[in-house]
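Worksheet: the structure to be examined is printed underneath.
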Amino acid sequence: MEDNFGWLKELNPQQRLAVTHGSGPLLVIAGAGSGKTRTLAYRVAYLIATGVPASRILLLTFTRRAAEEMLKRATAVARLEEVTSGHVWGGTFHSVANRLLRIYGQALGLGRDFTIMDEGDAEDLMNLLRHELGFSATRERFPQKGTLRAIYSRCVNGNEKLKVVLERYFPWCLPWEKQLKQLFRRYVERKQKQQVLDYDDLLLYWEQLLVDDRMADEVGGRFDHILVDEYQDTNLIQGNILRRMRRKNKNIMVVGDDAQSIYSFRGATVRNILDFPRHFPGTTIITLDQNYRSTMPILRVTNAVISQARERYTKNLWSERKTGQRPVLATCADETYQDTFVADTILKHHEAGIPLHRQAVLFRAGHHSDSLEIELARRQIPFRKYGGLRFLETAHVKDLLGFLKIVENPRDELSWFRVLQLLKGVGPATASEAMKFVWQHGYEPAVLSEFNGPAIVREEIKRLGGLFRQLKELTRQPAAQVELVRRFYQPLLPQLYENAPARQKDLENLEKIASRYKSLTSFLIDLTLEPPTSTSDLAGPADREDDWLVLSTIHSAKGCEWDVVFLIHASDGCLPSDMSADSPEEIEEELRLAYVAMTRARDFLYVSWPLRYYHAWSRFVDRHIFAQRSRFLSPQVCQEFDQLVVGPAGETEEPEVKTVIDAGRRLRTRWF
DNA sequence: ACTAATGTCCTTTTT
DNA sequence: GGACATTAGT
């Protein structure tokens with residue numbers, strides 16, 4: 001026994017307590033950098049080593065990457081067979097929901113071949129119905145598709161009545177309550193008719209499945225242990241799901257940190273973590289507050305930042321890494337100086353031996369790195385960007401996937417509209433006719449060849465029908481299917497969009513990704529549920545640099561750490577974002593975002609902000625506006641920084657001198 | 001019926 | 001500066 005569990009000595013006492021916890025509910029409050037991933041990984045290893053079958057463990061994480069990482073560590077730690085840990089059910093709530101619904105979905109009247117919409121599809125559907133119901137043509141402006149999805153999602157994820165949601169978050173939409181009700185009802189109907197699920201539905205259907213006691217016991221009974229990471233960022237439905245999954249068996253371990261809750265816009269509620277002991281009586285609570293990541297000078301800053309939170313349950317963090325460079329706060333004259341400062345400093349650290357991928361630049365919104373990206377390209381510093389605009393949201397990728405989605409699910413109205421209108425001369429009217437023709441002929445896309453539309457487009461539509469016939473013959477070869485579509489679609493590209501060569505390259509990369517899959521279904525599902533996270537995930541090996549700098553939104557940086565971290569655009573309006581400055585709750589969340597960003601740093605932390613920056617919709621002629629230092633950088637916080645001014649006077653000015661030394665007096669009296 | 005051109009509004013974070 | 005809607009023109 002002793003020999004087999006020698007690796008437990010690598011843990012600190014609290015971590016070990018969590019890892020070797022017996023049965024029953026366990027809540028681990030894990031501060032930033034306190035070894036949370038390690039604790040979860042070791043827990044999995046411990047469970048398997050004590051005889052729990054891997055397939056009876058459910059590990060819910062925030063991204064698939066996180067799950068894979070933990071399982072890899074678990075395997076390494078306990079020297080488990082790769083195969084064994086591979087059977088652990090790991091992944092996001094959404095991907096696990098998908099897997100379970102493929103098995104049990106029939107109980108809910110759900111076919112085995114339901115398809116999943118990404119956020120863009122969901123918005124498009126909302127938009128379609130908005131027009132269908134004539135709400136787009138009203139005299140007063142009706143909410144746009146994005147807003148509509150946001151309202152809908154709030155209701156679903158927060159389990160709140162439409163009226164309440166409108167009053168609280170969207171008061172300007174209150175006059176439309178009646179229309180919204182009608183619209184949302186139709187949205188749900190249409191999804192059901194087409195056997196299409198949006199992201200919210202995955203959780204909702206899982207929750208519905210568990211309403212029945214017998215079903216809850218059967219589904220929950222598949223698992224001896226459930227482990228949940230990032231619990232502070234789960235929503236009400238997810239909380240309900242867990243409670244129902246643990247109706248009888250109470251083996252559940254959740255790990256989280258309320259100071260790092262940053263997803264309330266998605267319905268996440270910190271109540272889940274606070275109420276956990278109430279929902280699971282007899283909960284053991286363990287707090288991890290020793291930080292293994294950062295130096296004390298950095299922790300002094302982050303502790304000062306989070307101490308401004310009005311509500312806080314976790315303690316200050318401490319570390320045995322007492323010394324290190326004090327964090328630097330750089331006030332830059334404008335964005336260009338900020339870019340220069342960041343790039344210079346990155347290269348300096350690189351020269352000193354820190355590889356680029358151990359350094360990261362973090363920001364609140366995807367576009368905050370626009371000008372920096374240009375500077376990095378100019379200096380030939382390779383980088384990967386995480387978060388922000390995604391590939392799946394680009395028009396050409398959506399187009400190509402549209403063809404494939406039709407093959408998957410010919411009832412998919414949106415994909416039909418999108419694909420048909422790519423053809424020159426085909427607009428909404430012809431598209432609708434053609435689609436109905438297919439629907440009337442057994443939902444067989446290939447019958448398009450027999451469709452008698454307007455003479456000008458007849459040949460093109462016939463050709464499209466031919467494509468679908470060929471696609472059908474290539475089941476189980478997604479890469480070949482992508483290639484076929486690409487051959488059909490690529491010639492249309494130059495007419496449709498600017499920048500055709502770059503888009504063409506994306507499509508080729510998509511084909512490479514497809515070649516990793518054995519079926520079109522799994523390819524499409526993975527793409528919607530676990531979309532490529534970085535701009536170069538799609539790049540082929542030939543395009544890859546072996547070392548690269550990380551650019552990331554703060555949200556996407558969750559759970560990560562780097563030796564050197566830059567937080568740029570730390571100004572009011574950017575952080576906190578002026579989009580989220582309405583209520584105290586929102587401001588609190590922005591503060592936590594700042595905290596999450598700064599706690600990613602191991603050895604070096606640089607926070608910078610430009611006095612003047614480009615703002616696309618600024619009313620000033622040159623579209624630049626003046627910024628103020630982020631309100632989160634209070635005087636107490638600033639004290640913990642070395643301050644730097646970066647501007648035109650010299651390249652880099654020395655820090656402001658605060659201490660006053662009366663040298664004159666000392667020199668006069670020293671020798672006399 | 002479809003396309004091209006002009007005008008207006010909004011601009012975050014993600015499964 | 002981009003998405004989206006409306007309008008005029010083919």
Side-chain angles (χ1 to χ4, degrees), chain A residues 60-66 91-98 116-120 122-124 127 130-131 136-138 141-147 149-150 153 156-157 197-204 230 233-235 237-238 261-268 362-368 370 386-390 392-393 395 420-421 423-433 453-457 495-496 498 525-531 533 552-558 569 573-582 586 589-590 592-593 596-597 614-619 623:
Chain A
L60 293 160
T61 55
F62 211 68
T63 62
R64 178 172 58 183
R65 270 219 326 270
T92 59
F93 271 89
H94 292 85
S95 71
V96 169
N98 172 59
I116 300 164
M117 293 196 275
D118 62 33
E119 195 51 41
E123 285 183 6
D124 289 346
N127 203 32
R130 182 174 176 270
H131 284 107
S136 53
T138 45
R141 208 171 72 251
F142 192 75
Q144 304 248 30
K145 60 180 183 180
T147 317
R149 269 287 307 164
S153 205
V156 172
N157 287 306
L197 271 63
D198 62 24
Y199 286 139
D200 300 331
D201 285 335
L202 284 167
L203 302 182
L204 221 48
E230 309 280 9
D233 283 325
T234 54
N235 66 29
I237 301 180
Q238 290 165 318
S261 132
I262 54 175
Y263 275 90
S264 74
F265 72 92
R266 218 168 76 184
L362 308 181
F363 34 84
R364 174 67 174 88
H367 65 262
H368 286 161
D370 286 353
Y386 294 83
L389 253 190
R390 278 143 217 301
L392 293 182
E393 282 155 27
L420 283 162
Q421 292 187 68
L423 308 176
K424 259 263 163 317
V426 179
T430 315
S432 177
E433 289 289 308
I456 340 149
V457 294
Q495 291 177 25
L496 292 164
E498 302 284 302
I525 284 175
D526 263 21
L527 224 45
T528 32
L529 251 35
E530 297 283 348
T533 42
S552 175
T553 58
I554 301 172
H555 283 93
S556 296
K558 181 161 118 155
H569 279 289
C574 294
L575 187 65
S577 161
D578 43 15
M579 297 296 296
S580 302
D582 296 332
E586 285 176 316
E589 179 144 324
E590 298 286 311
R592 294 192 294 266
L593 268 165
V596 168
Y614 179 81
H615 208 237
W617 69 101
S618 154
R619 266 157 295 159
R623 297 202 157 161

Is the phosphate of [N], meaning OP1 or OP2, less than 4.0 Å from a side-chain N or O of [X]?
| X | N | answer |
| --- | --- | --- |
| A:Thr553 | B:dT12 | no |
| A:Thr430 | B:dC2 | yes |
| A:His367 | C:dG1 | no |
| A:Asn235 | B:dT15 | no |
| A:Arg64 | B:dT14 | no |

Heavy-atom nearest nucleotide on DNA chain B taken for A:Glu586 and for A:Ser95; more 5' hit belongs to A:Glu586
Starting at the 5' end of DNA chain B, which residue's closest nucleotide do you reach first, A:Ala431 or A:Ile262? A:Ala431
Atom-pair distance ([atom1] on [X]; [atom2] on [N]), nearest Å:
| X | N | atom1 | atom2 | answer |
| --- | --- | --- | --- | --- |
| A:Lys424 | B:dA1 | NZ | P | 19 Å |
| A:Glu230 | B:dT14 | CD | C1' | 13 Å |
| A:Ile456 | B:dA1 | CD1 | C1' | 8 Å |
| A:Phe93 | B:dT14 | CZ | P | 19 Å |
| A:Gln421 | B:dA1 | CD | P | 13 Å |
| A:Leu362 | B:dT13 | CG | C1' | 14 Å |
| A:Arg149 | C:dC4 | CZ | P | 15 Å |
| A:Lys145 | C:dA3 | NZ | P | 10 Å |

Is the ring of A:Phe265 stacked on the base of B:dT13, with centres less than 5.5 Å apart and planes under 30° off? yes
Determine the sole option in A:Arg266, A:Lys558, A:Arg592 for which the salt bridge (charged side-chain N to carboxylate O under 4.0 Å, His left out) test with A:Asp233 is passed. A:Lys558
Contact class for [X] vs. all strands (heavy atom < 4.0 Å): base, sugar-phosphate, or nothing?
| X | result |
| --- | --- |
| A:His131 | sugar-phosphate |
| A:Glu119 | base |
| A:Tyr263 | sugar-phosphate |
| A:Asp118 | nothing |

Does the side-chain contact (heavy atoms from CB on, under 4.5 Å) test come out yes or no for A:Phe265 and A:Glu586, once each step is laid out? CA-CA 9 Å; A:Phe265 72 92; A:Glu586 285 176 316; over 6 Å; no
Ignoring the backbone of [X], work out which of [options] is nearest its side chain.
| X | options | value |
| --- | --- | --- |
| A:Gln144 | B:dT13, C:dA5, B:dT12 | C:dA5 |
| A:Ser556 | B:dT15, B:dT14, B:dT12 | B:dT14 |
| A:Ala429 | B:dA1, B:dT15, B:dT13 | B:dA1 |
| A:Arg130 | B:dT15, B:dT12, C:dA5 | C:dA5 |

Does [Y] offer a backbone N or O that forms a donor-acceptor pair with the side chain of [X] under 3.5 Å?
| X | Y | answer |
| --- | --- | --- |
| A:Ser95 | A:Thr92 | yes |
| A:Asp201 | A:Asp198 | yes |
| A:Glu590 | A:Ser577 | yes |

Would you compute the distance between atom CZ of A:Arg364 and atom OG of A:Ser580 and round it to the nearest 0.5 angstrom? 5.0 Å
